[in-house]
Amino acid sequence: MQVKALPGFREFYPPDAALRNHIFSAWRTVATRYGFEEYDGPPLEPLELYTQKSGPEIVSQLFEFIDKGDRHVALRPEMTPTLARMVTARAPALKKPIRWFSIPQLFRYEKQQKGRLREHFQLNMDLIGEPGPLADAEIIAAAIDIQRALGLGTGDVRVRVSDRRLLTALIEAAGFPEDRVSIAYEAIDKIERVPREELLRRLREAVPAGGNPAAAERVLALAEVRGRGSLDQALGRHPEAAPASEELIEAIDALDSMGLGEFIEIDLSIVRGLAYYTGIVFELFDAQRSLRAICGGGRYDGLLKALGGVDLPAVGFGMGDVVLGELLKSRSAAGEALRRLDAFLVAVTVEDRPTVLALAHALRDRGLSIEFALKEQAVARQLRIAASRPAKRAVVIGPDERKQGAAVVRDMSTGTEERVPVATLADYLAGGTAGDA
RNA sequence: GUGGCUGUAGCUCAAUCGGUUAGAGCGCCGGACUGUGGCUCCGGAGGUCGGGGGUUCAAGUCCCCUCAGCCACCCCA
């Protein structure tokens with residue numbers, strides 16, 4: 001039995017690698033379009049880098065070990081601590097706001113499921129040094145434009161947006177104890193997974209005797225706020241929370257102005273598990289809601305400082321390649337990256353081979369993608385290979401052609417042939433319109 | 001980490017009540033076809049039926065263990 005790949009680790013056969021490159025290319029294109037610069041860091045880091053942020057519980061979910069120098073190390077499960085360290089180290093010299101992106105391969109030791117492996121690539125885009133809601137809007141817009149660049153529209157993906165400042169204000173306005181907000185967060189986060197009665201029970205338990213008896217119901221009602229009208233109603237019931245809605249409204253208005261409003265839904269049930277988010281939080285989903293989140297992010301103004309770094313506000317997101325790839329495959333928007341040769345060179349006889357080799361090399365030097373038969377084969381066989389590559393054209397070189405200093409160029413999709421002088425062959429192949437060239 | 005479902009060729013699947021040498025389509029390789037592909041026809045390679053153990057005259061089929069995948073939980077990238 002051959003040794004298999006480890007569970008949760010992928011092998012990329014050429015079609016898979018093509019899809020991955022397609023996704024990476026969209027990531028880089030859009031990030032660059034938004035003025036973001038690429039960075040990278042070490043894939044292996046000291047374990048403390050992660051425990052200081054997430055606590056010792058994180059260790060069970062990491063690929064971690066003791067190296068030969070007795071260092072406790074971990075394969076990186078996320079990019080943010082590395083980013084924080086890099087930004088902090090050069091913070092005084094970096095022009096603000098900092099717009100950086102990276103495409104790290106990340107690792108987690110968890111039981112795998114569909115869309116969730118032990119390894120994945122994740123686009124990280126972060127905008128550091130700008131506290132205002134236009135920065136949030138930029139980040140969300142970039143996440144959406146990546147979907148658009150991949151051919152996905154409002155019928156395919158949606159963004160659900162909330163704001164922790166607003167949600168906290170509403171929870172408190174609902175009469176829920178201020179020191180128990182995290183319990184309210186947890187209940188709201190689980191609104192789609194845990195029965196309503198169970199959540200109510202947990203919330204009631206958190207309200208002390210003598211507290212507001214209606215608080216639990218009101219908190220749960222917040223989790224059902226969807227859309228602007230619904231938010232306005234909630235703010236009508238709790239007017240003291242209204243000032244906390246300003247940033248969210250401003251960011252959404254900005255996205256409207258960009259023409260991306262159709263993608264956006266206010267959804268106060270979006271909490272995000274991570275404790276360090278301080279403002280706007282958002283998630284990107286497929287419209288059918290049949291897959292896991294494509295992308296999640298938000299504002300984390302206190303995190304860099306908490307990690308022992310500079311005190312700069314920040315907003316960003318992570319977008320994995322796994323769910324996105326599944327969505328593209330299900331939408332059959334994945335296959336455009338099909339490889340095509342510019343030409344397949346056919347040698348009619350062995351005596352034609354030196355000419356074919358010389359020609360192949362000259363054409364490759366011109367940047368054309370060229371193949372030829374690696375052994376003596378019938379012309380019919382060589383053409384069959386050319387068709388299956390697939391090649392846009394076949395270039396046939398036989399004794400007659402050599403005498404004339406020409407080649408027969410066959411368009412493989414139409415079957416039409418043309419006699420082309422060898423001297424102009426490269427231009428002919430490069431400039432032609434055969435197939436979908 | 002917990003629980004449930006599923007594992008037959010590269011892919012999608014079939015194989016009667018437990019019965020003889022596990023099949024098909026697609027794909028792959030070759031031939032019909034020694035200067036013209038796609039169509040057609042013919043042939044071939046490819047399986048330790050996920051792995052191990054057990055029951056039985058006999059196991060792809062039944063039982064146990066294990067591994068892997070999928071689903072839910074946990075957690076979230």
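The figures here come from the full heavy-atom set of this structure, side chains too, leaving out hydrogens, waters and symmetry mates. By convention in this document, chain letters (A, B, ...) are assigned in the order of the sequence lines, proteins followed by strands, and residues within each chain are numbered from 1. Keep in mind that this is a model prediction, so the values were computed, not measured.
- Among the nucleotides B:A68, B:U34, B:G37, the one closest to any side-chain atom of A:Pro7 is B:A68.
- Using a 4.0 Å heavy-atom distance criterion, A:Asn124 is classed as making no nucleic acid contact.
- Considering only side-chain atoms of A:Arg381, the nucleotide from B:C76, B:C70, B:G30 that sits closest is B:G30.
- Using a 4.0 Å heavy-atom distance criterion, A:Ile58 is classed as making no nucleic acid contact.
- Taking 3.5 Å as the limit, the base of B:U36 and the side chain of A:Glu417 contain a donor-acceptor pair of atoms between them.
- Electrostatic pairing of A:Glu45 and A:Arg71 does not count as a salt bridge here, judged by no charged N lying under 4.0 Å from a carboxylate O.
- If you check every strand for non-hydrogen atoms under 4.0 Å, A:Gly296 touches nothing.
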Side-chain atoms of residues 178-189 of chain A: list all donor-acceptor pairs with protein atoms under 3.5 Å, sequence neighbours left out, distances to 0.1 Å.
from: A:Arg180; atom 1: NH1; to: A:Ala206; atom 2: O; distance (Å): 2.6
from: A:Tyr185; atom 1: OH; to: A:Arg164; atom 2: O; distance (Å): 3.3
from: A:Tyr185; atom 1: OH; to: A:Thr168; atom 2: OG1; distance (Å): 2.7

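- Remark: of the listed residues A:Ile103, A:Leu324, A:Ile23, A:Leu324 is the sole one forming a side chain to side chain contact (heavy atoms under 4.5 Å, CB included) with A:Met319.
- A:Arg292 has its CZ atom 9 Å from the P atom of B:C73, to the nearest Å.
- Pair check for B:C74 finds none; no Watson-Crick or G-U wobble contact set falls under 3.5 Å.
- Checking B:U36 for Watson-Crick or G-U wobble geometry (two distances, each under 3.5 Å) identifies no partner in any strand.
- B:C64 and B:A22 have their C1' atoms separated by 25 Å, given to the nearest Å.
- Looking at A:Ser102 and A:Asn124, their side chains never bring a donor and an acceptor atom within 3.5 Å of each other.
- Contacts of A:Gly8 with the nucleic acid, taken as non-hydrogen atoms under 4.0 Å apart, involve only primed sugar atoms and P, OP1 or OP2.
- Candidate nucleotides B:U36, B:C76, B:C71 were compared by shortest atom distance to the side chain of A:Val408, and B:U36 ranks first.
- Between the side chains of A:Asp126 and A:Tyr300, at least one donor N or O lies within less than 3.5 Å of an accepting N or O.
- Remark: B:U16 base-pairs with no nucleotide; criterion is Watson-Crick or G-U wobble with both hydrogen-bond distances under 3.5 Å.
- Ionic pairing of A:Asp286 and A:Arg292 is not present here: no N-O contact between side-chain nitrogen and carboxylate oxygen is shorter than 4.0 angstrom.
- When the nucleotides B:G30, B:C71, B:U36 are ranked by their closest atom to the side chain of A:Lys375, B:G30 comes out on top.
- Nearer the 5' end of RNA chain B, as judged by each residue's closest nucleotide, is the contact made by A:Lys111, out of A:Thr414 and A:Lys111.
- Taking a pair to require two hydrogen-bonding distances under 3.5 Å in either a Watson-Crick or a G-U wobble arrangement, B:U56 remains unpaired.
- Nucleotides B:U55 and B:C63, compared at atom P, are 15 Å apart to the nearest Å.
- On the C1' atoms, B:G51 is 23 Å away from B:C11, given to the nearest whole Å.
- Nucleotide B:C49 forms a pair with no other nucleotide shown, judged by Watson-Crick or G-U wobble geometry with both contacts under 3.5 Å.
- Distance from the side chain of A:Pro399 is smallest for B:G35 among the nucleotides B:G37, B:G35, B:C74.
- You'll find that the side chain of A:Leu383 is closest to B:U36, out of B:G30, B:C74, B:U36.
- Residues A:Ala391 and A:Gly320 both approach RNA chain B. Their nearest nucleotides, taken by heavy-atom distance, put A:Ala391 toward the 5′ side.
- The side chain of A:Arg384 contributes no N or O atom lying less than 4.0 Å from OP1 or OP2 of B:C33.
- Pairing partner, B:G25: B:C11, with both Watson-Crick or wobble hydrogen-bond distances short of 3.5 Å.
- Note on A:Val396: a base of the nucleic acid sits closer than 4.0 angstrom, heavy atoms only.
- Look at CD on A:Gln382: it is 12 Å from P on B:G30, rounded to the nearest Å.
- Spacing between atom NZ of A:Lys190 and atom C1' of B:C74 amounts to 8 Å, rounded to whole angstrom units.
- Under 3.5 Å, the side chain of A:Arg410 and the base of B:G37 form at least one donor-acceptor pair of N or O atoms.
- Pair assignment for B:C5 gives B:G69, based on Watson-Crick or G-U wobble hydrogen-bonding distances that are each under 3.5 Å.
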- Verdict with supporting geometry, A:His72 and A:Glu64, side chain to side chain donor-acceptor pair (under 3.5 Å): CA-CA 7 Å; A:His72 207 159; A:Glu64 47 85 22; 2.6 Å; yes
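- As judged by a 4.0 angstrom heavy-atom cut-off over every strand, A:Gln105 is placed among residues making no nucleic acid contact.
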